[in-house]
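Values below: all heavy atoms of this structure, side chains included; hydrogens, waters and symmetry mates excluded.
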Amino acid sequence: MWPLRLWDTQEVTIFLSLTLYVCHLAGAISIRSPQQSLTRPVQQDVLFSVDISCVGTPTIQWTFMSGRVSRNIGAWQPGGYTNVSEDYMDRVHTYTNGSMGLSDLRIQDAGFYVITVTEPSGSSKDEGFVLKVEEVLYEDLQYLSVLAVVLASLAGFLMVSMWLMDKAYCRIKAWRQRRQMPENYVTELQPL
């Protein structure tokens, strides 16, 4: 049988303290997002919606990664400073809850976006988002269909014009032929 060992109060206190500290660190920063994979068409806007909870005022940083490219988009503190890089200066909108809006999307904006939330104590947590940017092909099809309608109308106009010109040509030709023919009003019979 196993020997029964009782813990003394110092061991229990240390165990509970460590457990509470680990639980505090694990749940200190929370990043919640309704959607982590987003698809938007070119020239539209996207909102990377997050809801952050942490101890103290966090520093929020967004980074873009795609292939070999990694760029800092910006960093800010809710109610404090905002530092957005020049590449994104006119297109990024920051929110106090950590969300970030990106306007006028381009094909190059497709990739992986990472939010890093850092507490004043130095602990941090990351969350990632995938953005797919689609070219709008229906606009190209719209231009193509408008061009087809214009060309069909032009072809129809030219066909009707050619038909009318052919009719006019035939009438003018017939009129000239009648004009060149000798006119015999009365045929006189001569006595024999």
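- Across all their heavy atoms, P34 and S49 have their closest contact at CD-O, 3.5 Å.
- Of all the heavy atoms in A110 and S66, the pair that sits closest is O-OG, 3.6 Å.
- The shortest distance between side-chain heavy atoms of D87 and R71 falls below 4.5 Å.
- Using a 4.5 Å heavy-atom cutoff, the side chains of F157 and S161 are in contact.
- Side-chain N or O atoms of N97 include one that pairs as donor or acceptor with a backbone N or O of S99 at under 3.5 Å.
- Annotation: the span from I73 atom CD1 to T94 atom OG1 amounts to 12.0 Å, rounded to 0.5 Å.
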**OP:** I would like to know whether V55 and S121 meet side-chain contact (heavy atoms from CB on, under 4.5 Å); could you show each step before the answer?
**Re:** CA-CA 9 Å; V55 177; S121 65; over 6 Å; no
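- Listed here is the closest heavy atom pair of R32 and S53: NH1-OG, 3.7 Å.
- To the nearest 0.5 Å, atoms CD (Q43) and CD (E135) are separated by 10.5 Å.
- Within a 6.0 Å radius of CG in D166, other residues, nucleotides and ligands contribute more than 12 heavy atoms.
- Between T118 and Q61 the shortest side-chain heavy-atom distance does not fall below 4.5 Å.
- R91 has no carboxylate O lying under 4.0 Å from a charged side-chain N of D104, or vice versa, which leaves the two without a salt bridge.
- Put simply, the side chain of I29 reaches to within 4.5 Å of the side chain of E119, judged on heavy atoms.
- For the atom pair L158 CG and M165 CE, the distance stands at 10.0 Å (nearest 0.5 Å).
- Within the 4.5 Å cutoff, side-chain heavy atoms of T63 are placed close to those of S70.
- Across G98 and I52, no two heavy atoms sit closer than the pair CA-CD1, 3.7 Å.
- Residue L38 is grouped with residue I107 when hydrophobic side chains (ILVMFWY) are merged at heavy-atom distances under 4.5 angstrom, including chains of intermediate members.
- The stretch residues 86-125 participates, sequence neighbours left out, in these ring-ring contact (aromatic ring centres under 6.0 Å, His included) pairs: F48-Y113, F64-Y113.
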**OP:** Would you please test M65 and V114 for side-chain contact (heavy atoms from CB on, under 4.5 Å) and show each step?
**Re:** CA-CA 8 Å; M65 290 184 263; V114 177; 3.1 Å; yes
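- Residues V117 and V92 share a single hydrophobic cluster, defined by chaining ILVMFWY side chains whose heavy atoms lie under 4.5 Å apart.
- Summarising the local packing, OH of Y81 is surrounded by more than 12 heavy atoms from other residues, nucleotides or ligands at distances under 6.0 Å.
- Other residues, nucleotides and ligands contribute at most 12 non-hydrogen atoms within 6.0 Å of the CE atom of M162.
- Expressed to the nearest 0.5 Å, how far CG of L47 lies from CZ of R40 amounts to 8.5 Å.
- Side chain to side chain, D126 and T116 meet the donor-acceptor criterion of an N or O pair below 3.5 Å.
- With hydrogens and angles left out, the side-chain atoms of T59 and Q77 include a donor and acceptor closer than 3.5 Å.
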Subject >> Residues L102, D45; criterion side-chain contact (heavy atoms from CB on, under 4.5 Å); working and verdict >> reply: CA-CA 6 Å; L102 184 60; D45 301 340; over 6 Å; no
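- Of the possible polar contacts, none joining the W175 side chain to the C170 backbone as a donor-acceptor pair under 3.5 Å is found.
- Nearest heavy-atom pair across P58 and P78 is O-CD, 3.4 Å.
- Hydrophobic clustering (side-chain heavy atoms under 4.5 Å, transitive across Ile, Leu, Val, Met, Phe, Trp, Tyr) groups F129 together with I31.
- Nearest heavy-atom pair, V50 versus S33, reported as atom, atom and distance to 0.1 Å: CG1-CB, 4.3 Å.
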**OP:** Begin with the C-alpha distance, continue with both residues' side-chain angles, and end with the deciding distance and a verdict on side-chain contact (heavy atoms from CB on, under 4.5 Å) for V46 and L105.
**Re:** CA-CA 8 Å; V46 67; L105 289 176; 4.0 Å; yes
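- Atom-to-atom distance recorded for L131:CG and S37:OG is 8.5 Å, nearest 0.5 angstrom.
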